[in-house]
Amino acid sequence: MKTILKYYRKYWYLILISLAFLTGEAICELQLPSYMSGLLNDGVGASDMAVIWSYGWKMILLSLTACVCAVTVGFLSSLIGAKVARDLRFEVFSKVMNFAGEEYNKFSVASLITRSTNDITQIQTLTIFTLRLIMFAPIMGIGGSVMAVKYSGGIGSLAWVIVVAILVIVILIALALTIVQPKFSKMQKQIDKVNQIAVDELSGMMVIRAFNTQKHEEERFENANADLTRTSLFTSRLMAMLIPIMTIVMNGIMLMIVWIFSQHIEDFSQIANMVAFMQYALQVIMSFMIISMIFIILPRAKVSIVRVSEVLTTEVSIKNAEGKDEPTGERFKGDVKFENVSYGYGGGALAVENITFEAKSGQVTALIGSTGSGKSTVVSLLPRLMDVTEGKITIDGVDIRDINIKDLRNNIGFVPQKNILFSGDIASNVGYGLENFTQEDLQKAVDIAQASEFINYDEKGFEREISQGGANVSGGQKQRLAIARAISKNAPIYVFDDSFSALDFKTDAKLRQALAEEMGEACVIIVAQRVGTIKNADKIIVLDDGKIVGEGKHQDLLKTCKTYLDIAKSQLSEEELSL
């Protein structure tokens, strides 16, 4: 709760103004029954038109003032709620942007989406209702009780009527909260599940169609949707029952007041007192009904507050070292060294173990191995997408954990195994991450990446639209654009994580030649499945089961490393092996 409250402190002045107008509205509402009693007793009872007009204008003025206060409070509460929700969404998004793999494993993508949208909306709704009613209800309840005693006309037995009404309302609210609190927590998890299935089905639509499993996926979604619907209906129906029950209680109290007063009315003044008492009793009961509305919203909002707080209070495992919070803009030479590096996902069994090798600037260092041997894990440790469990990685002799994260990643052009493009155009994707870039910078990058042909073929060129995830370009085009995006950084270190797999052999060869010609001074690390892609590398690292089992040049490894020889035999002919 403390995590969320700090977002309200920023708007303390708006909250104070809102509370001032709430107080004004409550005072006006409390004064109206008093004037109504005076109007009936002093004006109507005495048939005095001057007094009637006097009370009438005062009541109109009070009503207008209460109306202005109510509108102002409504505006301010909505404004504060919207601003707090905006700040929370931004903070949650910023926090998630800094998550490492361990934090992502703690929250699913679907859950993070729900927490950033639905949960924050629940907090916004609670904010609006709380600011609108939190001051109003207590003033009306306490003030109405005091004034009701004043106008009870000496009938002491009337106090128990209001007490009974309040007790009935409190008991109803308590029972409802006891029942629905677990349901609201369950509901948010069910929303997570519906979102997760929707994300899976939308992202895997091609696979679903290819395997003709649309019916199965529809049933899977329908089951999750039906579970959410049942829980939602249960809570909605239970909460909906509270209002009519409270209305019955309120009307019953009004009847009891009329009946009790009817036993004691002796003159017209008692009628005026009865009307005032009924109005104040109504205000007291309404104040508790208002509080009940807050408690109807509170259980679900409480669950949402906890879920959002979990994201905001999660400790980020990858962060800058002490004193390295500000980037310096430093450019590295690019000599990379892995020293006894080990890493285990989530602190479990080690995925890679005792990895030691050097990748020098001006050289191409390649990593090869069977699927699951740890190649992608090794290169993901370099830009600190994950942090080493043991050992260290240095650039130019400096531990990467002692380098500002922004400086570190600005010096690395990284092409991940899964190529992701963002909605926009080709220019925004190739220049992604650059503060300033020119047409010449983009053209050079796409020329090296062998992407010029299909870009220039389109009349829109760099302005060609790219849909979300790059769904409107082929796998090879997407891969070349991802490579161009990394090259455009003009960094001293480049990492290509299996980035040539979707390219034909001719394009692969031309791209590697262009890389060698244009970026000869850079440190290039290539993860590859094909021996043909890396056989001319200055150094080849062979991985098997998370360990280095071979290191050297192509011809040397054919003689000294059985794992590499087996891979080469599966891909190359006898003639190619002998070359």
Side-chain angles (χ1 to χ4, degrees), residues 4 81-82 84-86 88-97 99 101-129 176-177 179-241 296-314 346 418 420 422-423 467-471:
I4 303 298
V84 168
R86 177 198 63 188
L88 278 173
R89 279 193 295 268
F90 178 77
E91 288 298 322
V92 169
F93 183 81
S94 299
K95 187 78 173 187
V96 171
M97 287 297 98
F99 276 180
E102 292 181 11
E103 289 82 58
Y104 275 114
N105 292 335
K106 182 179 178 181
F107 307 99
S108 68
V109 173
S111 181
L112 288 172
I113 291 172
T114 305
R115 292 168 198 250
S116 302
T117 52
N118 185 279
D119 284 313
I120 291 179
T121 300
Q122 299 300 326
I123 296 172
Q124 180 179 353
T125 303
L126 178 67
T127 300
I128 295 170
F129 272 84
L177 290 179
I179 296 171
V180 301
Q181 177 67 33
K183 295 293 182 181
F184 280 131
S185 180
K186 183 179 180 181
M187 187 188 300
Q188 294 305 110
K189 292 178 181 178
Q190 288 172 334
I191 293 173
D192 286 348
K193 187 174 181 180
V194 169
N195 283 342
Q196 182 63 65
I197 294 173
V199 169
D200 288 345
E201 292 178 357
L202 292 173
S203 60
M205 187 60 69
M206 300 301 290
V207 176
I208 292 169
R209 289 174 180 172
F211 284 85
N212 234 356
T213 57
Q214 291 95 326
K215 187 68 176 176
H216 168 73
E217 294 301 328
E218 287 175 6
E219 291 175 355
R220 183 171 165 233
F221 183 85
E222 178 56 29
N223 290 335
N225 194 26
D227 289 341
L228 174 60
T229 302
R230 280 192 293 270
T231 306
S232 180
L233 283 174
F234 177 84
T235 55
S236 299
R237 286 167 178 167
L238 183 62
M239 290 304 181
M241 288 171 60
I296 288 172
I297 299 168
L298 185 61
R300 189 170 183 182
K302 181 182 176 183
V303 172
S304 296
I305 288 170
V306 171
R307 284 162 56 85
V308 173
S309 296
E310 283 176 351
V311 177
L312 295 175
T313 56
T314 296
K418 184 178 181 181
I420 299 293
F422 301 97
S423 55
S467 62
Q468 184 179 6

**Prompt:** Who pairs with E219 by salt bridge (charged side-chain N to carboxylate O under 4.0 Å, His left out), at least two apart in sequence or on another chain?
**Reply:** none
**Separation between OG1 of T114 and CD1 of I120, rounded to the nearest 0.5 Å** = 11.0 Å
**Asked** What distance separates N195 CG from T117 OG1, expressed to the nearest 0.5 Å?
**Response** 6.5 Å
**Request:** State which residue, out of E91, M97, R89, fulfils the side chain to side chain contact (heavy atoms under 4.5 Å, CB included) condition with F93.
**Result:** M97
**Asked** Are more than 12 heavy atoms from other residues, nucleotides or ligands located less than 6.0 Å from atom CE of M241?
**Response** no
**Item:** Pairs involving residues 193-203, ordered by first then second residue, that meet salt bridge (Lys or Arg N to Asp or Glu O under 4.0 Å) (sequence neighbours left out)
**Value:** D200-R220
**Request:** Evaluate whether atom NZ of K95 has more than 12 neighbouring non-hydrogen atoms of other residues, nucleotides or ligands under 6.0 angstrom away.
**Result:** yes
**Request:** Might you point out which heavy atoms bring A82 and Q124 nearest each other, and give the distance in Å?
**Result:** CA-NE2, 3.7 Å
**Message:** List the residues meeting side-chain contact (heavy atoms from CB on, under 4.5 Å) with K183, not counting sequence neighbours, and say none if there are none.
**Reply:** T231, F234, T235
**Item:** Non-hydrogen atoms of L88 and V308 that approach each other most closely
**Value:** CD2-CG1, 4.3 Å
**Message:** Restricting to side-chain hydrogen bond (donor to acceptor under 3.5 Å, both in side chains), what partner residues turn up for T314, sequence neighbours left out?
**Reply:** none
**Reported CG-to-CD1 distance for the pair N118 and I123, which is rounded to 0.5 angstrom** = 10.0 Å
**Request:** Report yes if some heavy atom in the side chain of F107 is under 4.5 Å from a heavy atom in the side chain of V96; otherwise report no.
**Result:** no
**Request:** Any chance you could measure Q190, atom CD, to T229, atom OG1, to the nearest 0.5 Å?
**Result:** 9.0 Å
**Message:** For E222, give me all partners under side-chain contact (heavy atoms from CB on, under 4.5 Å), at least two apart in sequence or on another chain.
**Reply:** N225, A226
**Message:** Less than 4.0 angstrom from a charged side-chain N to a carboxylate O is my criterion; do E310 and R115 meet it?
**Reply:** yes
**Request:** Can you see which heavy atom on I128 is nearest to which on G81, and at what distance?
**Result:** CG1-CA, 4.3 Å
**Message:** So, using ring pair (Phe, Tyr, Trp, His ring centres under 6.0 Å) as the criterion, who are the partners of F422 when residues are at least two apart?
**Reply:** Y432
**Message:** Could you check whether any side-chain heavy atom of S309 comes within less than 4.5 Å of a side-chain heavy atom of I4, counting everything from C-beta outward?
**Reply:** yes
**Message:** Taking salt bridge (charged side-chain N to carboxylate O under 4.0 Å, His left out) as the definition, give me every residue that meets it alongside R307, ordered by chain and number, with sequence neighbours left out.
**Reply:** D119, D192
**Item:** Minimum-distance pair of heavy atoms, taken over all atoms of A301 and Q122
**Value:** CB-O, 4.0 Å
**Asked** In Å, rounded to the nearest 0.5 Å, how long is the span from OG of S236 to CE of M187?
**Response** 6.0 Å
**Asked** Which heavy atom in S116 sits nearest to a heavy atom in V92, and how many Å separate them?
**Response** OG-CG1, 3.4 Å
**Request:** Return the set of residues passing side-chain contact (heavy atoms from CB on, under 4.5 Å) with V194 (not counting sequence neighbours), or none when no residue passes.
**Result:** F221, A224, L228
**Results of side-chain contact (heavy atoms from CB on, under 4.5 Å) for K418 - residues two or more places apart only** = I420
